[in-house]
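One structure below.
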Amino acid sequence: MPRILKGFLIDADYETVEGRALIRLFLRGEEGSFVVYDDSFSPYFYALPGDEPERVKERILASGAAEAIQKVEIEEKRLFGTPRVALRITVSHPQDVPRIRERIRRVEGVDLILEHDILFVRRYLIDRGIKPLTWLRLEVEERDGRALLRGVEQLEEEPPELRVAAVDIEVYNPKGAPRSSKDEIIMISVATSDGVEKVLTWREVQGLEQVEVLQDEKEMLLRFAELIKEGDYDVIVGYNTDSFDFPYIRDRLKKLGISLPLGRLDAELEVSRRGALPEARIRGRAHVDLYPIVRRHVKLNSYVLESVVEELLGIKKEKLDGERLFTYWDEGGEKRALLARYALEDARVTLALAEKFLPLYCELSTIVGQSLNDVARMTSGQLVEWLLMRYATPRGELIPNHPAGEEYAARARATYAGGYVREPKRGLVEHIAVFDFRSLYPSIIVSHNIDPSTLIVGNCEENRAPELEYCFSLEREGFIPAILKELIRRRAEIKRELKRSEGDRRRTLSFAEKALKILANSFYGYMGYPRARWYRRECAESVAAFARMYIKQVMRIAEEEFKLEVVYGDTDSLFVVIPPEKRELAQKFLQKVNESMPGIIELEFEGFYRRGLFVTKKRYALLSEDGKMVVKGLEFVRRDWAPIARETQKEVLRILLEEADPEKAARLVRDVIERIRQRRVSLEDITIYTQLTKRIKSYKSLEPHVVAAQKLKERGREVAPGMIIGYIITKGTKGISQRATPVEFARLEDYDPEYYIDNQILPAIQRIFEAIGYTRDYLKEGITQTSLSRWF
DNA sequence: GATAGCCGGGG
DNA sequence: GTGTACGGCTATC
């Protein structure tokens, strides 16, 4: 008797039953999670015959490969748009593919093997058109105690709240770095979306209600798995859990001789390799490591959890000295309680980070059509590729192979010209209007139909890339432009719907919109990405060439037709001078430009700015109408600059932009220089922080922070890789490095004023002042030069 | 300046 | 598991 179930698809995998692969769909229902099985899907790949497909088919069936082959079918497909006859070879089990593929490769008349490396479950999701993190209506039949899938339908309903658990472990580390063969896990902290907060441990901890003390490490680990099972969590998140927490847990389990049913259907924790990095898999749930995700989305100097949460969530969190964590455990009492609180705080902030990034990755998972677990580990190029693969199959397009060996090496060596950057008018500029092209690169791909299948090399005129011998046929819409057009259309539709939505719906839509934007903007990079299946250097090169043509064309219209002064422009943006009384020119200019633009390419007005300071290409600062400073390329936010240098630079920019008073800015600099000389600064103002990335001995060249670390060690301090070393440069005749002193031992009277003036303050502001015609000597000494060129 | 080699996060 | 990262920085020529 068939039954109808409704479930939200979380994860999928397969198990082998009687030699056949059985797909398992893990779903969240309205009342808890459940599993549906599908036995109707078999692995397959393609062989391309040179000609005479019938005869090649016979040879394949006569070859030694025949035993594992279920069937060979002749299909009409396309490869890069060109019709090709392909032999679809169906086998019994995914693991048959590598073996059978190698046999068939050697069969006479087989030119190429395709689609031979597409993981079974991913292939299943593509071919069945099933999208993760959507509601499915499933028709199932009970067989051997399993719900077997007989029919499936995608539903358009609002997603449920996912159940999320954030996890963090603390380990004993008497030797600094923990050794998983010896050092026990001492705490496991968990914070979940349904409000559970726990610190599991196996020694007494005072004064923290969330603590649960177990008998030993083994009992603690088992309790952890029980907690996950009880809460039936869909997503397990952590920070660097792929590389640290779960591999460590795996090692301890091996040591203790137990297994840990962390997954659904009591699946064990598995740690495998994904490229050079490990990947921890918890079947039936999504395991999302937020560390690589944060790295992908935010540019920071450091990705230690403390700086990430401070930057992204505004939460100030204390970092315990990782090297000495074991002492907190050994000492007990207040110290151990502090460690437990630290552990819980880590789980809490990890959960908060998940709330920030998971919605985006859920949308990406649905759009790309692969599981959250997989999508969380994909780069933007891989996201684009899996999206293309999902579209290719129903369109009859064969999926090209990844490049191998020399092919890849040759692609990686190839370079081509990128965007056009106009040399800025250096110095201060009043009344700036900024325009930019909306999604220029995606628009070019669509408008010029840029695709491997439409590329014509040499001897062509129509739709030719500027300065290049490449044209793109307009006869048939290319595969990539067609998909990109669809993404752009959906994004525009969502943007319209966003305007009339609110609450949860609005939140979902805004993340879907963001996901589509990320994907659309990745297509250009994808075509030039050497590992791409649909790589075509000529296409990426042409997109960049068209972009240069358009931005130059717009600059020409501004200068020649509107007599506007163009002060800067980079790739897809344009900065012109428009005084307040002539603001209506902006709209006229926009209209004129857009009349001349083909397809969906469109210039947009970005905003008016009161003033700008242009230093060099890619280095400038703007002051918006509401008084906000926008700084590009100039920020010395790096911690390896002394705070006094960063602050002086910021203040100089502020004075120049807000008051347009270079003399005042110069006075400020001379003031700071004077203060440094007279030692009217604090130690904190002049402390430079650099991370010690390896052991002192492994450094060949002695950089200042390494010398400072050496001095720390000489005076009995523990020093280990990962520490942030704070140091100041003291007076003396030796090199700078030798004069680096740990801030812990430094006194204000020791520092070298000339170092801070010449190597910190002046470099940070020199370029800015040079842009307005001030020399270094003038700033430093106040030397008046009659010939001094001024800033107008 | 080019290129090879190393490193990240975690405790 | 139908598989095997990546981009940025430093060292060194």
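So that the names make sense, note that chain A is the first sequence line, chain B the second, and so on, each numbered from 1. Please read these numbers as outputs of a predicted model, since none were measured by experiment. Both backbone and side-chain heavy atoms feed into the values below; hydrogens, waters and symmetry mates do not.
- Taking atom C1' on both nucleotides, C:dG3 is separated from B:dG10 by 26 Å, rounded to a whole Å.
- Between the side chain of A:R295 and the base of B:dG8 there is at least one donor-acceptor pair of N/O atoms closer than 3.5 Å.
- The residue among A:Y529 and A:K299 whose nearest nucleotide of DNA chain C is located toward the 5' end is A:Y529.
- Using cut-offs of 30° and 60° on the angle between ring planes, the pair A:Y529 and A:Y526 is tilted.
- Geometrically, A:R285 does not engage A:F26 in a cation-pi contact defined by less than 6.0 Å to the ring centre and at most 45° from the axis.
- The same atom, P, is picked in C:dT4 and in B:dG9; the two are 26 Å apart, to the nearest Å.
- With C:dT2, C:dA5, C:dC6 as the choices, the nucleotide that has an atom nearest any side-chain atom of A:A276 turns out to be C:dA5.
- The residue A:N401 sits apart from the nucleic acid: no heavy atom pair falls under 4.0 Å.
- The listed nucleotides are B:dG10, C:dG3, C:dA5; the one nearest the side chain of A:R274 is C:dG3.
- Residue A:I118 is in base contact, counting any heavy-atom pair closer than 4.0 Å across all strands shown.
- The A:R273 side chain lies nearest to C:dT4 when the options are B:dG10, C:dT4, C:dT2.
- Ring-plane geometry between A:Y124 and A:F41 is classed as perpendicular, the angle between the planes exceeding 60 degrees on a 0 to 90 degree scale with a lower cut at 30.
- You'll find that the side chain of A:Q95 is closest to C:dG1, out of C:dG1, C:dG3, B:dG10.
- Listed nucleotides B:dG10, C:dT4, C:dT2 differ in distance to A:R123; the shortest reach to its side chain belongs to C:dT2.
- Of the candidate nucleotides B:dG9, C:dC6, C:dG3, C:dC6 has the atom lying nearest to any side-chain atom of A:T379.
- For A:Y239, taking side-chain heavy atoms from C-beta onward, the closest of the listed nucleotides C:dG1, C:dA5, B:dG10 is B:dG10.
- At a threshold of 4.0 angstrom between heavy atoms, the contacts of A:Y14 are confined to the sugar-phosphate backbone, with no base atom among them.
- Between A:D242 and A:R274 there is no salt bridge, since no side-chain nitrogen of the basic residue lies less than 4.0 Å from a carboxylate oxygen of the acidic one.
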